[in-house]
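Heads up: the structure comes next, in structure tokens.
All values below come from the heavy atoms of this structure, side chains included, with hydrogens, waters and symmetry mates left out. Naming convention: chains lettered A, B, ... in sequence-line order (proteins, then strands); numbering from 1 in each chain.
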Protein chains: 2
Amino acid sequence: MNRDILIRYFSSILPIPAERAAFFADQFVPMEFLKNDFLLKENKISKATFVLEAGYIRSYTFDNNGVEVTTNIFSAPCFVNDFLSFFKQKPTSENYQCLTPCKIWTMSYENVQNCFHNYPEFRELGRMMLVTNYSILHERMLGMIKDSAENRYLKLLSKHPEIFQNIPLKIIASYLGITDTSLSRIRKEIAVN
Amino acid sequence: MNRDILIRYFSSILPIPAERAAFFADQFVPMEFLKNDFLLKENKISKATFVLEAGYIRSYTFDNNGVEVTTNIFSAPCFVNDFLSFFKQKPTSENYQCLTPCKIWTMSYENVQNCFHNYPEFRELGRMMLVTNYSILHERMLGMIKDSAENRYLKLLSKHPEIFQNIPLKIIASYLGITDTSLSRIRKEIAVN
DNA sequence: GATTCTACTTGCCATTTGACAAGAAATTAA
DNA sequence: TTAATTTCTTGTCAAATGGCAAGTAGAATC
């Protein structure tokens, strides 16, 4: 695993001295996960925060008919966090599962709290991470209101083409809020034109 | 305006000593807004955070065809914040407008930063506010994927019935991601049964 | 009180999306 | 390699939602 990726990722979120970024990176423990491994299961409390160095993860839950719904797709490098469960130490309602083998850096809740307490820059990093994720979710929400399914597909395709090379379409369809059938038709329609 | 509402609201987000909650409340300046007044306009940078004591506010933007889209509805008491604009001091893409006369407590960006720096509990309050708002948005997102328009309507109706007494249906429809025509039909259908 | 404006409803028809089922293609397991 | 499983596509039909326009009701303005 590559610690430099972690350091660069921190610096991209918030400009901080390289030395400090390296110190923060040292707080994380590297782990390797296999495909289908779970980082967190529903009804459990998130005890750690994760940074995905390589691989793909999704979170999912179930709709009223018991059908799996993909709530999020994580493409490296990024934080993987159930904010509600982690920061309020409450059980989550979602499952976080590796879609591919993953390289993941983890940091315990206690250590995060400790660094929040002692390092203003770490607090700032945490806040920026929250704000950034909020605004990504906000954009996705706007897309659900403003855009057609086809446009949502095209936006995701242009922003994260790598996802389509690595994740089954039916999971992407669910994430886009449509059925795999519809996504298949949308792709067909676009291919024709 | 009623400072106690502010204090109680803070305490509901995070258990803190009453004295400290009162001190935080003192950092906020009371203001009265008229119907249709703007708290923040698109392309401007949010210079203050707001707590809505009484009244209704919405945020809106425009879709690709120039049609207004309501992105959020704020029902007192609650924080009213453009997180991205406020915390990153970047221009917002949305308009925040009063739908009724409003009683609003404001606190400047500088003062917020100062309190973040000096008061751990204030930081914690800010983080909880962010986390809470993230999870509300997350739930709304899930609803857009999992629920039919009718179910989204019913959920909003049961959770915030007061909104339907105070805000035009066409704005609520837009917030739910449907047209006012569709909402009208959904309501009719429900009324029949 | 009359006028204007806005919100809401409704009818008609088109489009999008879903449900279900069958089959093809690709991947995984034996 | 073969078999089993999963993913993806496609057909048919139904349901949900939208676009547009007309008409009604209610609120705001003069």
> Should A/Cys98 and A/Leu39 count as side-chain neighbours, where that means a heavy-atom distance under 4.5 Å?
Replying inline: yes

> Quick one: does B/Ser75's side chain get under 4.5 Å of B/Glu162's, heavy atoms only?
Replying inline: yes

> Between C/dT15 atom C1' and B/Ile178 atom CD1, what is the distance in whole Å?
Replying inline: 17 Å

> Can you check whether B/Lys47 reaches B/Gln89 side chain to side chain, under 4.5 Å on heavy atoms?
Replying inline: yes

> Which whole-number value in Å describes the distance from A/Leu176 CG to C/dT17 C1'?
Replying inline: 14 Å

>> Working to the nearest 0.5 angstrom, can you tell me the gap between A/Thr132 OG1 and B/Phe87 CZ?
In response: 12.0 Å

> Within this structure, what is the CE-to-C1' distance between B/Met144 and D/dT17, rounded to whole angstrom?
Replying inline: 12 Å

> Is a side-chain donor or acceptor of A/Asp82 paired with a backbone partner of A/Phe86 at a separation under 3.5 angstrom?
Replying inline: no

> If you round to the nearest 0.5 Å, how far is OG1 of B/Thr71 from CE of A/Met141?
Replying inline: 9.5 Å

>> Does anything in residues 125-139 of chain A form a salt bridge (Lys or Arg N to Asp or Glu O under 4.0 Å)? List the pairs, not counting sequence neighbours.
In response: A/Glu124-A/Arg127

>> How many whole angstroms separate atom CD1 of B/Ile190 from atom P of D/dA16?
In response: 12 Å

> Rounding to a whole Å, what distance do you find between B/Glu189:CD and D/dT17:C1'?
Replying inline: 14 Å

> Is it true that B/Tyr9 and B/Phe79 have ring centroids separated by less than 6.0 Å?
Replying inline: yes

> Below 6.0 angstrom between ring centroids: does that apply to A/Phe10 and A/Phe24?
Replying inline: no

> Is B/Thr179 near enough to D/dG18 that one of its side-chain N or O atoms lies under 4.0 angstrom from OP1 or OP2?
Replying inline: yes

> Could you state the CD1-P distance from B/Ile186 to C/dT10, rounded to the nearest angstrom?
Replying inline: 14 Å

> By a strict heavy-atom criterion of less than 4.0 Å, which residues belonging to residues 146-162 of chain A are in contact with DNA chain D?
Replying inline: none

>> What is the distance, to the nearest angstrom, from the CD atom on A/Gln165 to the P atom on C/dA26?
In response: 15 Å

>> If I take atom CD1 in residue B/Ile172 and atom P in nucleotide C/dT6, what distance separates them, rounded to the nearest angstrom?
In response: 19 Å

Indicate every side-chain donor-acceptor pair of residues 149-156 of chain B with a distance under 3.5 Å to a residue at least two apart or in another chain.
unit_1	atom_1	unit_2	atom_2	d
B/Arg152	NE	B/Leu176	O	3.0
B/Arg152	NH1	B/Asp147	O	3.1
B/Arg152	NH2	B/Leu176	O	2.9
B/Tyr153	OH	B/Arg187	NH1	3.2
B/Lys155	NZ	B/Asp147	OD2	2.7

>> Using a heavy-atom cut-off of 4.0 Å across all strands, would you classify B/Lys35 as base, sugar-phosphate, or nothing?
In response: nothing

>> Applying side chain to side chain contact (heavy atoms under 4.5 Å, CB included), can you list everything that pairs with A/Gln97, at least two apart in sequence or on another chain?
In response: A/Asn36, A/Phe38, A/Arg58, A/Tyr60

> Quick one: what's the B/S/- string for nucleotides 3-12 of chain D, heavy-atom cutoff under 4.0 Å, read 5' to 3'?
Replying inline: ----SSBBBB

> If a stem is a run of at least 3 consecutive Watson-Crick or G-U pairs, both distances under 3.5 Å, which stems include DNA chain C?
Replying inline: C:1-30 with D:1-30

